Number of protein chains: 2
Amino acid sequence: MELPPLIQSFVLHFGEMGSRWGINRTVGQIYAMLFVADRPLNADDLVEKLGMSRSNVSMGLKELESWRLVRLSHLPGDRREYFSAPEDVWQIFMTLADERLRREVEPTLTTLRDAILATPISAEEQHAQARMRQMHDLIDLLTTWFADVRKLSPATLQQLLKMGGAVVRLLEIKDKVVGRKA
Amino acid sequence: MELPPLIQSFVLHFGEMGSRWGINRTVGQIYAMLFVADRPLNADDLVEKLGMSRSNVSMGLKELESWRLVRLSHLPGDRREYFSAPEDVWQIFMTLADERLRREVEPTLTTLRDAILATPISAEEQHAQARMRQMHDLIDLLTTWFADVRKLSPATLQQLLKMGGAVVRLLEIKDKVVGRKA
DNA sequence: CTGGCATTTCAGAAACTTCTGAAATCTGGC
DNA sequence: GCCAGATTTCAGAAGTTTCTGAAATGCCAG
């Protein structure tokens, strides 16, 4: 790997982070490289820059495609495929969140719902079911919230996030105006 | 493993999910078991319920302790340690989020900040640095927001989440009243 | 201080994942 | 339809993680 030190440390860091998640080290490195690159890269560019085998790069790119995290493009007069990360970091974040929800959260919600619908035989099962309901309700609340704010424009969302906990004051004011108890 | 089917499928599901994250399968199973159990369990209970070796349970419990996800207790006249998951699912969620931030997000922010402070030599590095700044700002916004709403009581937070994107309407109203443009 | 139970550590075995080079397949231009 | 270059697949090697039983350690009660 012959990269500018600044890029190298970023790439290596994402390799490590990737392997801490389910994603493997080389996939992390490939994405980090595409993310900082100032132009789309082809598979051979990645082989050269990251010093891994051609086939490894191929598999890594397929994995990233399955996450919908890369854009494909072509250069005129060049048959090779060129890969890049989306320009907009918000878009990357949202895609990542969507995929993780789909792969990790939704199956869990399904398992929980199935369990909640079953008829408990023992007191032990009854308690387990109550616990699963608590977990279900929490996850459901969080995902519903996310699906909802996900529709907002990045600008609006950003404004909202910047406010942080201060939105609560607005709620209090509203409740006062409407005449409910805070 | 001799568990009621309802509990068994939950435990197995969390085993699989665990291994999809960095957490390993047995750690996931142990936590799922503790979560649904109607009383604190000791290591031997877990060995029996989950059918894994004593030493494996011991390591799994240590791992969970390092995540601050288990409570320890004792029974009168029994020297063994008993483990349980906190009652409150919000608390579990917050602990999980805190630990993941500490282990995964903070090191990344540090790497990004260091890279942003360096002096870029080439145009390539300059572009990479700009990209890293975008990523940094996004992560920073999200974590700052989280740290802020994290302080709210679960009840307030719940109210806020239930509103979802509707809080934006409040913002618009406020902006109108204050006399700014929406 | 000691005996006995509880827990942790550890080294190696088993299982799993990642990585590679070589072969197979695909694809567009002639 | 064939060639050349591009990409994917694959089987096995290398590397990593997980899991275990056995031994070591810790710790309380008497």
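Computed from heavy atoms alone, side chains included, the values below leave out hydrogens, waters and symmetry copies. Just so we're on the same page: letters track the sequence lines, and every chain starts at 1. Since the structure is predicted, the reported quantities are computational estimates derived from the model, not experimental observations.
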Student: CG of D44(A) versus P of dT8(D): gap in Å, rounded?
Tutor: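 Distance, rounded to whole Å: 12 Å.
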Student: Any ring pair (Phe, Tyr, Trp, His ring centres under 6.0 Å) involving residues 4-36 of chain B? Give me the pairs, sequence neighbours left out, ordered by first then second residue.
Tutor: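 For residues 4-36 of chain B, and leaving out neighbouring residues, the ring pair (Phe, Tyr, Trp, His ring centres under 6.0 Å) pairs sorted by first residue read F10(B)-F14(B).
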Student: Specify the separation, in whole Å, of atom CH2 of W21(B) and atom P of dT17(C).
Tutor: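 It works out to 19 Å between those atoms.
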Student: Between R25(B) and E63(B), is the closest basic N to carboxylate O distance under 4.0 Å?
Tutor: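 So E63(B) does not pair with R25(B) through a salt bridge.
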Student: Under a 3.5 Å cutoff, is there a donor and acceptor pairing between the side chains of S66(A) and R103(A)?
Tutor: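 Yes.
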Student: Take atom NE2 of H74(A) and atom P of dG5(D), then tell me their distance rounded to the nearest Å.
Tutor: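 Value for this atom pair: 18 Å.
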Student: Please state whether the phosphate of dT7(D), meaning OP1 or OP2, lies under 4.0 angstrom from any side-chain nitrogen or oxygen of K62(A).
Tutor: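 So the side-chain polar atoms of K62(A) never come under 4.0 Å of the phosphate oxygens OP1 or OP2 of dT7(D).
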Student: Grab the CG-C1' distance between L75(A) and dA6(D) for me, whole Å please.
Tutor: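 About 15 Å, once rounded to whole Å.
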Student: For the pair D45(A) and R39(A), find out whether any cationic side-chain nitrogen is under 4.0 Å from an anionic carboxylate oxygen.
Tutor: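 Between R39(A) and D45(A) there is a salt bridge, with a charged N closer than 4.0 Å to a carboxylate O.
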Student: Report the distance from atom CD of E63(B) to atom C1' of dT18(D), rounded to the nearest whole Å.
Tutor: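 Computing the E63(B):CD to dT18(D):C1' distance gives 12 Å.
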Student: Does the cation-pi check pass for R100(A) over W67(A), that is, NZ or CZ under 6.0 Å from the six-membered ring centre and within 45° of its axis?
Tutor: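 No cation-pi geometry.
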Student: Parallel, tilted or perpendicular: which one describes the rings of W145(A) and W145(B), with boundaries at 30° and 60°?
Tutor: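 W145(A) vs W145(B) ring planes: parallel.
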Student: Specify the separation, in whole Å, of atom CZ of R80(B) and atom C1' of dC5(C).
Tutor: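 Answer to the nearest Å: 10 Å.
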Student: Are the charged groups of R131(B) and E125(B) less than 4.0 angstrom apart, N to O?
Tutor: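 Result for this pair is no, no salt bridge flagged.
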Student: Send over the distance from R20(A) CZ to dT16(D) P, rounded to a whole Å.
Tutor: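 Rounded to the whole Å, the gap is 16 Å.
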Student: Determine whether the side chains of S153(B) and T156(B) contain a donor N or O and an acceptor N or O closer than 3.5 Å.
Tutor: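 Distance-only check passes for S153(B) and T156(B).
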Student: What do the steps show when you test E99(A) against R102(A) for salt bridge (Lys or Arg N to Asp or Glu O under 4.0 Å), and what is the final call?
Tutor: CA-CA 5 Å; E99(A) 283 294 320; R102(A) 192 171 69 72; 2.8 Å; yes
Student: Shorter than 3.5 Å, N or O on both sides, protein versus nucleotides 19-24 of chain C: list them out with atom names.
Tutor:
from: dC19(C); atom 1: OP1; to: R25(A); atom 2: NH2; distance (Å): 2.8
from: dC19(C); atom 1: OP2; to: T26(A); atom 2: OG1; distance (Å): 2.8
from: dC19(C); atom 1: O5'; to: N56(A); atom 2: ND2; distance (Å): 3.4
from: dT20(C); atom 1: OP2; to: S53(A); atom 2: N; distance (Å): 2.9
from: dT20(C); atom 1: OP2; to: S53(A); atom 2: OG; distance (Å): 3.0
from: dT20(C); atom 1: OP2; to: N56(A); atom 2: ND2; distance (Å): 2.9
from: dG21(C); atom 1: N7; to: S55(A); atom 2: OG; distance (Å): 3.3
from: dG21(C); atom 1: O6; to: S55(A); atom 2: OG; distance (Å): 2.7

Student: Summarise protein proximity over nucleotides 25-30 of chain D in one line of letters, 5' to 3': B for base, S for sugar-phosphate only, - for none, counting protein heavy atoms closer than 4.0 Å.
Tutor: -BB---
Student: Between P on dG5(D) and CG on N42(A), what's the gap in Å once rounded to a whole number?
Tutor: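 Rounded to whole Å, this separation is 15 Å.
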